[in-house]
Number of protein chains: 4
Amino acid sequence: MGRGRTAAAAVGPPPAARHHGNRHGRSEQARQAVLEAADDLLVEKGFTGVTIEGIAARAGVAKQTVYRWWKTKTDVLLDAFLQDAAEALTPPDHGDLAQDLRAHLRQLALFLTRSDAGAVFKALIGHAQHDPAFAAALRSGYLDEQRRRDRLPLERAVARGQLAAGLDMAAEIDQLVGPVYHRVLMAAEPVDQEFTDRLVAAFLRRADVVDLADAGEAGSR
Amino acid sequence: MGRGRTAAAAVGPPPAARHHGNRHGRSEQARQAVLEAADDLLVEKGFTGVTIEGIAARAGVAKQTVYRWWKTKTDVLLDAFLQDAAEALTPPDHGDLAQDLRAHLRQLALFLTRSDAGAVFKALIGHAQHDPAFAAALRSGYLDEQRRRDRLPLERAVARGQLAAGLDMAAEIDQLVGPVYHRVLMAAEPVDQEFTDRLVAAFLRRADVVDLADAGEAGSR
Amino acid sequence: MGRGRTAAAAVGPPPAARHHGNRHGRSEQARQAVLEAADDLLVEKGFTGVTIEGIAARAGVAKQTVYRWWKTKTDVLLDAFLQDAAEALTPPDHGDLAQDLRAHLRQLALFLTRSDAGAVFKALIGHAQHDPAFAAALRSGYLDEQRRRDRLPLERAVARGQLAAGLDMAAEIDQLVGPVYHRVLMAAEPVDQEFTDRLVAAFLRRADVVDLADAGEAGSR
Amino acid sequence: MGRGRTAAAAVGPPPAARHHGNRHGRSEQARQAVLEAADDLLVEKGFTGVTIEGIAARAGVAKQTVYRWWKTKTDVLLDAFLQDAAEALTPPDHGDLAQDLRAHLRQLALFLTRSDAGAVFKALIGHAQHDPAFAAALRSGYLDEQRRRDRLPLERAVARGQLAAGLDMAAEIDQLVGPVYHRVLMAAEPVDQEFTDRLVAAFLRRADVVDLADAGEAGSR
DNA sequence: GTCTAATCGAGACGGTACGTCTGGTCTTTTT
DNA sequence: AAAAAGACCAGACGTACCGTCTCGATTAGAC
């Protein structure tokens with residue numbers, strides 16, 4: 001297994017933490033081992049199969065070391081997820097709204113349905129339904145930022161003059177990503193490209209987008 | 001406390017079950033006590049606070065009696081939910097598509113955010129993320145049927161000639177209800193009437209709806 | 001290993017306890033397994049090596065089963081000891097005071113220095129120094145009764161007219177057995193027959209014993 | 001609180017140790033703080049309540065500092081005890097055997113039942129039952145020397161001609177102090193002056209003591 | 001006046017056992 | 001036949017100490 005963390009490691013690692021159990025901070029080695037063990041276990045045995053004992057055992061770490069830095073197994077999973085996925089869902093910038101949105105929704109669908117991190121994410125969303133405090137942590141740690149990223153293509157289009165400025169961004173984003181999450185979390189139906197492209201098309205039609213590639217004409221195609 | 005079960009009791013009760021711990025079949029009394037205990041506990045203490053031991057204790061029933069009829073605590077909660085909410089979300093029939101959809105989405109939002117049954121439902125959706133078998137049970141026990149109910153306004157509109165027949169129903173439903181679920185399950189934002197009405201308006205615009213009240217004109221655009 | 005419990009089983013077994021985990025009482029099988037595991041462990045690994053986890057594991061019993069019936073590992077050891085040793089130290093009755101006392105002290109010395117039960121007993125006495133509540137339990141469970149047994153030879157001698165009635169029994173017993181315990185618990189010196197016989201001789205000399213075998217003479221000096 | 005160590009400090013302090021954390025030796029300040037913390041904790045919380053972590057915390061010392069100089073908590077307690085009690089139980093010299101013995105046994109009884117050091121001593125004796133290596137350390141560090149002190153009155157009496165030379169000293173000492181320890185360690189009965197005086201009387205009677213105060217007569221008064 | 005080496009406080013580390021809790025299984029008696 | 005009762009095995013929970021370790025600060029004596 002392993003997790004192939006990218007070097008960037010945007011989220012958790014405390015500044016300059018490469019030492020070993022001394023006053024100068026925690027062991028980065030132990031931290032990484034715990035995070036890897038946690039999401040390996042989630043992928044292998046599912047959410048219920050993740051226990052702090054199991055994480056500690058697989059990470060070759062003392063239980064107390066896990067408890068010292070994380071309160072619950074879901075905090076570990078969240079930490080692991082944040083580290084893995086921080087940059088997975090940044091929408092691309094092709095200079096074209098339609099293209100950007102299609103690519104972004106497709107990427108989101110694949111992330112949720114195909115990647116290990118997506119599996120972790122679904123588990124975390126699931127747990128958030130049972131634990132309001134964790135829901136808040138998940139929101140502030142990930143969802144808020146993700147919503148900001150989701151908004152980027154629209155904001156760039158506004159800047160380009162491709163899109164009217166008065167849009168209710170939040171509502172539009174919900175209409176774009178909401179159906180994707182809905183299929184992933186509740187329905188059993190596949191979330192294929194046809195589906196995500198259709199969401200984009202519906203948006204373009206209702207949002208009076210100026211098609212820059214086909215300048216001079218108004219309307220949505 | 002209590003649950004005010006409607007007489008209909010659409011789901012579980014075995015035929016002729018009014019006895020109590022005798023040779024004549026299971027005790028309907030015990031069954032009801034268990035279901036009530038389960039969702040009372042959920043409302044009071046949250047999903048984690050529901051345990052089979054706790055259910056049995058509060059229902060005044062032996063643990064084995066719970067295990068005899070349900071495999072897990074989530075099966076109890078599902079059973080309780082189905083009994084309570086079976087018909088809760090049937091969309092109304094005003095003879096007008098726009099009116100029906102607006103009312104239905106509003107009702108859905110209220111159900112999810114305000115009712116006890118909605119709280120149970122969110123908990124079950126949460127658990128389904130951790131347990132594929134339960135997810136399947138939840139789908140076949142409720143979600144599939146609910147999707148059929150969600151479709152009713154559209155189908156009636158097609159029958160009325162208000163809506164073209166070639167529509168991809170599943171995708172349209174996802175675009176209508178998906179954003180609602182998304183806000184409820186993931187975002188912290190309120191799901192007010194303005195939001196749900198906007199979803200309906202977007203649908204009407206993209207779906208070439210014939211406005212019967214304003215007959216003679218074609219399309220909405 | 002094993003413990004070869006004598007059938008008599010004077011102490012613990014609850015009345016009619018041969019069933020298995022039902023409402024009618026505890027499992028006698030589990031109880032025996034726990035007691036045997038406890039003193040096997042003590043003999044093998046010493047007092048520190050006895051843990052409730054270890055007892056449960058070796059007995060093939062759940063930890064909770066141990067905790068259900070005993071509060072601490074020392075309670076288990078005490079129970080085991082009582083069952084093993086209840087009648088181990090009853091002084092013999094030869095009809096002669098000197099003979100009885102010599103045999104009894106010799107038996108006590110051998111019990112303490114040679115038998116497994118003696119090892120358990122020393123451990124319990126040791127623990128009693130750290131735990132006043134346990135000390136009281138040990139006294140009421142064993143020591144008080146043992147002191148009564150220690151007194152028997154003297155009382156029989158009084159009944160026979162071999163010994164004056166006004167004796168301070170407690171003080172005399174302490175002078176007889178105290179030195180034995182002292183050597184066992186504190187000194188490293190052997191407690192051989194010469195030593196125990198000397199204690200008896202000193203007692204006979206100071207206690208104005210009528211030597212029935214040599215009737216007619218008074219006093220021992 | 002505190003311990004009021006007498007200046008003599010017979011046991012541990014290394015020569016010229018008043019520095020603090022440099023190459024030339026240990027910190028006497030830390031050493032004293034540890035010893036005081038250890039027996040304060042014992043008196044306050046009992047043997048079980050003494051932990052190396054607790055000692056270090058209360059002494060305001062790092063755990064490692066304790067481990068650097070002592071192997072176990074019982075070694076700390078032993079060290080503390082030796083420092084406190086080294087000369088506590090030296091029998092007086094009145095020039096009279098009976099008087100010396102009566103005073104000595106009385107002092108022993110009071111030490112064991114009344115003083116803080118006596119409480120520590122009982123705890124150490126208790127632990128020695130569980131740990132043969134510690135038992136040996138306790139014997140060589142204290143008991144052997146104490147037995148030598150116990151013997152002093154008898155040896156002086158022999159020198160004075162008050163007592164026959166052929167006596168088995170060890171056995172006689174055991175008969176004098178054994179019953180006292182026995183009552184302290186095992187029985188709940190008080191160890192009052194009447195009891196200790198009786199032990200001396202029994203000894204005098206059996207040991208053909210020449211009463212110097214009443215010279216000329218033989219026998220034990 | 002630096003340099004060196006031992007000890008100090010601090011505290012993270014891998015571990016073991018604690019005592020508690022819940023999950024599921026089982027057996028017996030009662031209805 | 002199913003209920004109530006509750007003991008059973010199993011194993012995770014979160015905590016307390018264990019004994020080891022690494023660190024940076026402190027402080028003599030050696031140079």
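Just so we're on the same page: letters track the sequence lines, and every chain starts at 1.
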message: Under 4.0 Å, counting only non-hydrogen atoms across every strand here, what does Trp70(C) touch: a base, just sugar-phosphate, or nothing?
response: nothing
message: Counting the atoms with a prime plus P, OP1 and OP2 as sugar-phosphate, which does Gly60(C) contact under 4.0 Å by heavy atoms, base, sugar-phosphate, or nothing?
response: sugar-phosphate
Tell me the interatomic distance from [X], atom [atom1], to [N], atom [atom2], rounded to whole angstroms.
X	N	atom1	atom2	answer
Arg58(D)	dG9(E)	CZ	P	17 Å
Ile52(A)	dT20(E)	CD1	P	20 Å
Glu28(D)	dT7(E)	CD	P	15 Å
Lys45(A)	dA12(F)	NZ	C1'	12 Å
Asp75(B)	dG24(E)	CG	P	10 Å
Glu53(D)	dT20(F)	CD	P	13 Å
Lys71(D)	dC18(F)	NZ	P	16 Å
Ile55(A)	dG14(E)	CD1	C1'	17 Å

query: With nearest nucleotides of DNA chain F determined for Lys73(A) and Ala62(C) from heavy-atom distances, which residue corresponds to the more 5′ nucleotide?
result: Ala62(C)
field: Which residue lies more 5' along DNA chain F, comparing Gly54(A) with Ala59(B) via nearest heavy atoms
entry: Ala59(B)
- prompt: If you take atom types as modelled and just measure distance, does the side chain of Gln64(C) reach the base of dC21(E) with a donor-acceptor pair under 3.5 Å?
  reply: yes
query: Does Lys63(A) make a side-chain donor-acceptor contact with the base of dG14(F), cut-off 3.5 Å?
result: yes
message: Are the side chains of Asp131(B) and Thr48(A) in contact, using a 4.5 Å heavy-atom criterion?
response: no
Under-4.0 Å side-chain N/O to phosphate OP1/OP2 contact, [X] with [N]:
X	N	answer
Arg68(B)	dA2(F)	no
Trp69(D)	dC8(E)	yes
Thr65(A)	dA12(E)	no

- request: Could you say whether Val50(C) or Tyr67(B) is positioned toward the 5' end of DNA chain E, judged by the nucleotide with the nearest heavy atom to each?
  value: Val50(C)
query: More 5' along DNA chain E: Ala30(D) or Thr51(C), using each one's nearest nucleotide?
result: Ala30(D)
query: CG of Asp79(B) to OG1 of Thr74(B): how many Å apart, nearest 0.5 Å?
result: 11.5 Å
task: Find out whether the Lys NZ or Arg CZ of Lys73(B) is both under 6.0 angstrom from the six-membered ring centre of Phe47(B) and within 45° of the ring's axis.
output: yes
message: Check for me whether Arg26(A) meets the cation-pi criterion with Trp69(A), that is, NZ or CZ under 6.0 Å from the six-membered ring centre and within 45 degrees of the ring axis.
response: yes
task: Measure from the side chain of Val61(B), starting at C-beta and using heavy atoms only, and say which of dC9(F), dA4(F), dC8(E) lies closest.
output: dA4(F)
query: Can you check whether Gly46(C)'s main-chain N or O pairs, donor with acceptor, with His130(D)'s side chain at less than 3.5 Å?
result: no
